[in-house]
J.: 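What follows is a single structure, and I will ask about it in a moment.
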Amino acid sequence: MKGLELSGKYYEAYGREMLAQFPELKDEFAAGLVGRGSECFGFDDEISRDHDYGPSFCVWLRKEVYDCYFHRLQAAYDAMPREFMGVPGRNVEETGRGRVGILCIEDFYYGLLGTDQIPVSLTEWFSLCDENLATATNGAVFEDRLGLFTRLREGFLAYYPEDVRIKKIAACMAKMSRAGQYNYMRAIMRNERVAAELFLHEFIRESMSLVYLLNRRYAPFIKWMHKGMRDLPTCFEIGDMINLFYQVEKPEEKLLIIEAVCNVIVQELNAQGLSDLDDNFLQNHLAAVTEKIQDAGIKRMQFLEG
């Protein structure tokens, strides 16, 4: 059973009853499973179960309530049965502590994002990164009587402002073009195989980041970026193309894959109205894409910034 499903069942079986012991808090908490760990993304498997897997969930409280009730609530949480549906209690590694149990809403968001407020400026949005935003908005909320946790969650899930998204798209395109369409074969021709591999890896990573941006989704930790592409509604075929890099050996064959990936990107840029050029060289689209940015300060940023 996936960890997220197990968490929901455990909450229904024991969590509600545990929280009912504190009737004065009936409108003061949110419960669910969100945060770090493959189970929060639904990516956990048999291999994942050697650590941080087991019946558990989060209870989030605003800071004033958390400071007052943490010890009593955590004691009640710890008193619930550890084993559930034949699954033993959560095996917690040292680095996995503090991911479940009784948590503070403000500390939860601040710990992941460096803020417990929805950004109000484009600069504030630029200070955040996809991986942390994905971690702060994954999983599921089973119940939210207070509403604060969900309001923050929905504010971040609303995604980057369009100017920020477009600038990040342009930066990915610039890095992809530089690494894959320009430097990869030049490094091969100079017999700089290490440099060539580094350029190829940069192209792959930036390609995946760009696909998430085109889908208006936050890219998760690199461990899960490729796997998560399968569930995206557009450009998901790039995930299959990336697999081909590891099935061919000749640089010329890899260059063909690079150009195929770029062709899919160009088609999506056209579909989203970000460029009207029919040119496979991504660098040639940068001016058209950045022209869509409304904010003058962001428009002046270097292409590679984003």
Side-chain angles (χ1 to χ4, degrees), residues 109-110 112-137 155-184 186 195 198-222 225 228-229 232 234-235 238 258-259 261-306:
Y109 283 106
Y110 194 89
L112 289 173
L113 302 173
T115 180
D116 59 7
Q117 301 294 322
I118 305 301
V120 295
S121 72
L122 299 180
T123 301
E124 289 174 327
W125 275 106
F126 262 116
S127 71
L128 304 178
C129 74
D130 275 29
E131 178 184 326
N132 292 341
L133 284 162
T135 301
T137 57
F156 289 115
L157 280 172
Y159 205 64
Y160 295 119
E162 188 65 356
D163 276 359
V164 175
R165 184 182 81 103
I166 294 173
K167 183 64 193 74
K168 287 179 176 289
I169 286 172
C172 286
M173 290 168 53
K175 293 171 187 176
M176 287 172 65
S177 183
R178 179 186 65 173
Q181 294 183 295
Y182 181 78
N183 278 312
Y184 174 69
R186 293 171 75 88
L198 291 173
F199 284 130
L200 182 60
H201 292 159
E202 181 179 7
F203 176 83
I204 290 171
R205 180 160 186 171
E206 294 300 327
S207 297
M208 293 191 294
S209 295
L210 179 52
V211 169
Y212 280 92
L213 285 162
L214 291 170
N215 279 276
R216 293 177 172 81
R217 304 280 181 87
Y218 298 123
F221 175 45
I222 191 171
M225 283 177 73
M229 290 172 69
L232 299 176
T234 190
C235 294
I238 288 178
I258 288 172
E259 292 302 327
V261 169
C262 291
N263 183 259
V264 174
I265 295 298
V266 168
Q267 292 181 49
E268 186 59 28
L269 293 174
N270 293 161
Q272 294 194 19
L274 295 174
S275 175
D276 58 3
L277 302 178
D278 184 17
D279 186 332
N280 222 46
F281 193 46
L282 294 184
Q283 182 174 307
N284 291 342
H285 292 263
L286 293 177
V289 171
T290 54
E291 187 59 32
K292 303 296 182 182
I293 297 172
Q294 301 298 310
D295 184 85
I298 294 179
K299 187 177 291 190
R300 285 197 302 268
M301 293 170 66
Q302 294 293 318
F303 285 134
L304 294 173
E305 293 183 82

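Source: prediction; values computed, not measured.
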J.: Roughly how far, to the nearest 0.5 Å, is OH of Tyr184 from NE2 of His201?
T.: 9.5 Å

J.: Are Arg205 and Glu202 ion-paired here, with the side-chain N under 4.0 Å from a carboxylate O?
T.: no

J.: Can you tell me if Gln181 uses its side chain to pair, donor with acceptor, with the backbone of Leu282 under 3.5 Å?
T.: yes

J.: Do you know which two heavy atoms are closest between Val266 and Leu277, and how far apart they sit?
T.: CG1-O, 3.9 Å

J.: Assess the side chains of Asn215 and Tyr159: does a donor N or O sit below 3.5 Å from an acceptor N or O?
T.: no

J.: Looking at Asp295, is its backbone amide N or carbonyl O close enough to the side chain of Asp163 to form a donor-acceptor pair, meaning the two atoms are under 3.5 Å apart?
T.: yes

J.: Search all heavy atoms of His285 against all heavy atoms of Ser275 and return the closest pair with its distance.
T.: ND1-OG, 2.8 Å

J.: Please round to the nearest 0.5 Å and tell me the distance separating atom CD of Gln267 and atom OG1 of Thr234.
T.: 9.5 Å

J.: Work out which heavy atom in Cys235 is nearest to a heavy atom in Leu214; give both atom names and the distance.
T.: SG-CD1, 4.2 Å

J.: For Thr137, is there any backbone N or O sitting under 3.5 Å from a side-chain donor or acceptor partner on Tyr218?
T.: no

J.: Does the side chain of Glu259 come under 3.5 Å of the side chain of Asn263 through a donor N or O and an acceptor N or O?
T.: no

J.: Given side-chain hydrogen bond (donor to acceptor under 3.5 Å, both in side chains), test Thr115 with Glu124 step by step and report yes or no.
T.: CA-CA 9 Å; Thr115 180; Glu124 289 174 327; over 6 Å; no

J.: So does Glu305 pair up with Arg300, basic N to acidic O under 4.0 Å?
T.: no

J.: When rounded to the nearest 0.5 angstrom, what is the spacing between CD1 in Ile265 and CE in Met173?
T.: 8.5 Å

J.: What distance separates Asp279 CG from Asn270 CG, expressed to the nearest 0.5 Å?
T.: 10.5 Å

J.: Side chain of Asp116, backbone of Tyr109: donor and acceptor closer than 3.5 Å?
T.: no

J.: With heavy-atom distances below 4.5 Å as the criterion, would you say the side chains of Leu113 and Thr135 are in contact?
T.: no

J.: One pair to check against side-chain contact (heavy atoms from CB on, under 4.5 Å): Met225 and Ser209. What are the steps and the verdict?
T.: CA-CA 8 Å; Met225 283 177 73; Ser209 295; 3.5 Å; yes

J.: Just how far is it from atom CZ of Phe303 to atom NZ of Lys175, taken to the nearest 0.5 Å?
T.: 13.5 Å

J.: Nearest 0.5 angstrom please: Leu128 CG to Leu112 CG, how far?
T.: 11.0 Å

J.: Cation over ring, Lys167 on Phe126, under 6.0 Å and within 45°?
T.: no

J.: Does the Tyr160 side chain pair with the main chain of Leu213, one donor and one acceptor, at a distance under 3.5 Å?
T.: no

J.: Of the non-hydrogen atoms in Leu122 and Pro161, which two are nearest, and what is the gap between them?
T.: CD2-CB, 3.6 Å

J.: Backbone N or O of Leu274 within a donor-acceptor pair of the Lys292 side chain at under 3.5 Å?
T.: no

J.: Are Ile169 and Arg165 close enough, and set up right, to give a side-chain contact (heavy atoms from CB on, under 4.5 Å), and what steps lead you there?
T.: CA-CA 6 Å; Ile169 286 172; Arg165 184 182 81 103; 3.6 Å; yes

J.: Just by modelled atom types, is the Phe203 backbone N or O under 3.5 Å from a matching donor or acceptor in the Ser207 side chain?
T.: yes

J.: What closest approach, in Å, do Lys299 and Ile293 show between heavy atoms, and which atom pair accounts for it?
T.: CE-O, 2.7 Å

J.: Heavy-atom count around Phe281 CZ within 6.0 Å, excluding the residue itself: above 12?
T.: yes

J.: What are the two closest heavy atoms between Thr290 and Ala170, and how far apart are they?
T.: CG2-CB, 3.8 Å

